[in-house]
Chemist: 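Please see the structure below; I have some questions.
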Amino acid sequence: MTITLSESEQEALLEFSIQLAKEAGAVILQGSKSIRQELGSGVDSKKNSVDLVTEWDVKVEEIVQNAVREKYPNFGFIGEESYSKGLRPELTDDPTFCVDPIDGTTNFVHGFPFACISIGVIYQRTPLIGVIFNPFLDQLFSALKGHGAFHNLTTRLPLSAPSPLPSLSSAVIGVEWGHGRTKELVDKKANSFSRLAGDPNSGVVGGKMAGIVLAQESGGFVSGGAHVNHDGDVTEEILHGRKYIVVRAIADTPGESGKEAQKRIVKEFYDTVEDWDP
């Protein structure tokens, strides 16, 4: 029997996710400190940084999963650690938690304060809740579909009113380049960076998530890789994909709506970069 959620149950689910993220955040801080102490102790250890990160990744995921099973035993659960090992449950209309226990593991192991716990809830195959908590900076980002996105529960996002964006060349662009370091991938990444950051007037050709709900509720446009349908509908194909693109809210202009501008920016981006499999 399919599980349905009332408005009040969705709000309670958001509160649960926020509290769980904070509890997991405390463990992340503990883990980061423990790893840095162990790696810096000079004591011979068979564990390297990858082993230690995996150990804490698994520990945080288990804490979250156990709490979910206790509170919502009939809900689905997809964890980053278990997902990467091939455990990929079928997505249904029932509520499903989607968790990345430590997003930013390189930062985590070095104590660089940009790592977080990401908790999302998918309901009826669509992102419903997004909670991202950075325990190092005590920054919480949360959103419930149809209710807006907030920073530390009080400041509504986006922080400033949307403004026009005439072209990709005038945008601030952030790219997650992935871990691949083969020559073929590095060449594609370097060429893409050159086209995105270069100045065509100087001879350079081009010159041009749990975050899904947060982006959408703050006016952002979310889509997937180059070959999906970029209509703003985050489909199951996009959810299971490895490529995401997010464009901030854009103000309407006399000749173009904000959503039309967002779609244009997505097209410009994919027309500029080279495609590769992460």
Side-chain angles (χ1 to χ4, degrees), residues 7 10-11 14 17-18 21 98 100 103-104 114 116 118-134 137 139-177 192 195-197 206-226 228-239 241-273:
E7 190 80 12
Q10 292 179 22
E11 293 173 357
L14 173 63
S17 301
I18 289 171
C98 188
D100 189 347
D103 190 2
F114 294 98
C116 61
S118 173
I119 299 177
V121 178
I122 301 168
Y123 176 52
Q124 297 178 340
R125 302 173 192 263
T126 300
L128 172 71
I129 286 171
V131 174
I132 297 174
F133 180 56
N134 179 340
L137 301 179
Q139 290 188 334
L140 174 73
F141 299 89
S142 58
L144 172 63
K145 186 176 181 180
H147 293 263
F150 294 86
H151 172 233
N152 286 346
L153 302 177
T154 56
T155 304
R156 185 151 190 158
L157 301 173
L159 295 176
S160 58
S163 59
L165 187 58
S167 70
L168 189 66
S169 61
S170 58
V172 175
I173 302 171
V175 180
E176 166 57 66
W177 295 105
S192 296
R195 292 170 181 170
L196 287 168
K208 309 295 189 204
M209 320 35 55
I212 291 175
V213 186
L214 284 163
Q216 290 176 325
E217 287 300 308
S218 55
F221 182 91
V222 182
S223 193
V228 304
N229 186 17
H230 303 297
D231 59 2
D233 183 17
V234 180
T235 63
E236 192 170 340
E237 177 187 5
I238 293 174
L239 290 174
R242 296 290 304 280
K243 298 176 182 177
Y244 306 94
I245 184 168
V246 180
V247 180
R248 67 156 171 87
I250 299 176
D252 294 339
T253 61
E256 185 180 47
S257 70
K259 188 168 184 178
E260 288 172 339
Q262 290 170 320
K263 291 181 179 180
R264 171 175 51 77
I265 292 296
V266 170
K267 184 178 185 304
E268 273 192 74
F269 179 84
Y270 281 125
D271 285 345
T272 302
V273 301

Chemist: Any side-chain heavy atom of Leu165 sitting closer than 4.5 Å to one from Ser170?
Modeler: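 Answer yes - side chains close enough.
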
Chemist: Can you name the residues that form a ring pair (Phe, Tyr, Trp, His ring centres under 6.0 Å) with His147, not counting sequence neighbours?
Modeler: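 Counting only residues at least two positions away or on another chain, His147 forms no ring pair (Phe, Tyr, Trp, His ring centres under 6.0 Å).
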
Chemist: Which heavy atom of Ile245 sits nearest to which heavy atom of Gly224, and what is that distance?
Modeler: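 Where Ile245 meets Gly224 most closely, the heavy atoms are CG2-O, 3.6 Å.
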
Chemist: Give, for atom SG of Cys116 and atom CD1 of Ile132, the distance between the pair rounded to the nearest 0.5 Å.
Modeler: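 Going from the SG atom of Cys116 to the CD1 atom of Ile132 covers 5.5 Å.
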
Chemist: For Ser218 versus Ala249, what's the shortest heavy-atom pair and its separation?
Modeler: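 Looks like O-CB, 3.8 Å.
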
Chemist: What are the two closest heavy atoms between Phe114 and Asn134, and how far apart are they?
Modeler: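 Scanning both residues, the minimum pair turns out to be CA-ND2, 3.9 Å.
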
Chemist: How many angstroms lie between atom CD1 of Ile212 and atom OH of Tyr244, to the nearest 0.5 angstrom?
Modeler: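 Atom-to-atom, Ile212:CD1 and Tyr244:OH are 6.0 Å apart.
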
Chemist: Starting at CZ of Phe269, measure out to OG of Ser192 and round the result to the nearest 0.5 Å.
Modeler: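 Going from CZ on Phe269 over to OG on Ser192, the span is 7.5 Å.
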
Chemist: Please name the pair of heavy atoms, one in Glu268 and one in Ser167, separated by the smallest distance, quoted to 0.1 Å.
Modeler: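 In this case the closest contact between Glu268 and Ser167 is OE2-CA, 3.7 Å.
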
Chemist: Which pairs count as salt bridge (Lys or Arg N to Asp or Glu O under 4.0 Å) when at least one residue sits in residues 122-132, sequence neighbours excluded?
Modeler: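 Every pair satisfying salt bridge (Lys or Arg N to Asp or Glu O under 4.0 Å) with a residue in residues 122-132: Asp93-Arg125, Arg125-Glu236.
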
Chemist: Mind checking the CG-OG spacing from Leu214 to Ser142? Nearest 0.5 Å is all I need.
Modeler: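 Going from the CG atom of Leu214 to the OG atom of Ser142 covers 7.0 Å.
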
Chemist: Take Ile265 and Ile250, measure what side chain to side chain contact (heavy atoms under 4.5 Å, CB included) needs, and give me the verdict at the end.
Modeler: CA-CA 10 Å; Ile265 292 296; Ile250 299 176; 4.3 Å; yes

Chemist: Flag the pair Ile173 / Leu168 as yes when at least one side-chain heavy-atom distance between them is below 4.5 Å, and no otherwise.
Modeler: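 Sidechains of Leu168 and Ile173: in contact.
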
Chemist: Hey, are the side chains of Leu14 and Val131 touching, using non-hydrogen atoms and a 4.5 Å cut-off?
Modeler: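 Result yes, sub-4.5 Å side-chain heavy-atom pair found.
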
Chemist: Please determine whether side chain to side chain contact (heavy atoms under 4.5 Å, CB included) holds for the pair Ile122 and Leu128, giving the CA-CA distance in whole Å, both sets of side-chain angles, and the decisive distance to 0.1 Å.
Modeler: CA-CA 5 Å; Ile122 301 168; Leu128 172 71; over 6 Å; no

Chemist: Stepwise, does the side chain to side chain contact (heavy atoms under 4.5 Å, CB included) test hold for Val213 with Val121?
Modeler: CA-CA 9 Å; Val213 186; Val121 178; over 6 Å; no

Chemist: Report yes if the side chains of Pro127 and Leu239 come closer than 4.5 Å at any heavy-atom pair, otherwise no.
Modeler: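 Touching, per the 4.5 Å side-chain cut-off.
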
Chemist: What is the minimum heavy-atom distance between Gln262 and Val247, and which atoms define it?
Modeler: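 For Gln262 and Val247, the tightest heavy-atom pair comes out as NE2-O, 3.6 Å.
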
Chemist: In plain terms, say whether Glu260 and Arg264 are close enough for a salt bridge, that is, a side-chain N and a carboxylate O under 4.0 Å apart.
Modeler: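 Result for this pair is no, no salt bridge flagged.
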
Chemist: Using modelled atom types only, decide if a donor and an acceptor are shared between the side chain of Gln216 and the backbone of Phe221 within a distance under 3.5 Å.
Modeler: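 It does not hold such a pair.
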
Chemist: Please list, chain by chain and in numerical order, all residues satisfying ring pair (Phe, Tyr, Trp, His ring centres under 6.0 Å) with Tyr270, sequence neighbours excluded.
Modeler: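 Ring pair (Phe, Tyr, Trp, His ring centres under 6.0 Å) check on Tyr270 returns His230.
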
Chemist: Where do Gln10 and Tyr123 come nearest, in terms of heavy atoms and distance?
Modeler: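 Minimum heavy-atom separation between Gln10 and Tyr123: NE2-CE2, 4.1 Å.
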
Chemist: Can you measure from CD1 (Ile238) to CG (Asp233) and round to the nearest 0.5 angstrom?
Modeler: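 So the gap between those two atoms works out to 7.0 Å.
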
Chemist: Can you measure from OG (Ser17) to CD1 (Ile129) and round to the nearest 0.5 angstrom?
Modeler: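 If I round to the nearest 0.5 Å, the distance is 5.0 Å.
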
Chemist: Under the side chain to side chain contact (heavy atoms under 4.5 Å, CB included) rule, what do Leu153 and Ile18 come out as? Steps first, then yes or no, please.
Modeler: CA-CA 10 Å; Leu153 302 177; Ile18 289 171; 3.6 Å; yes

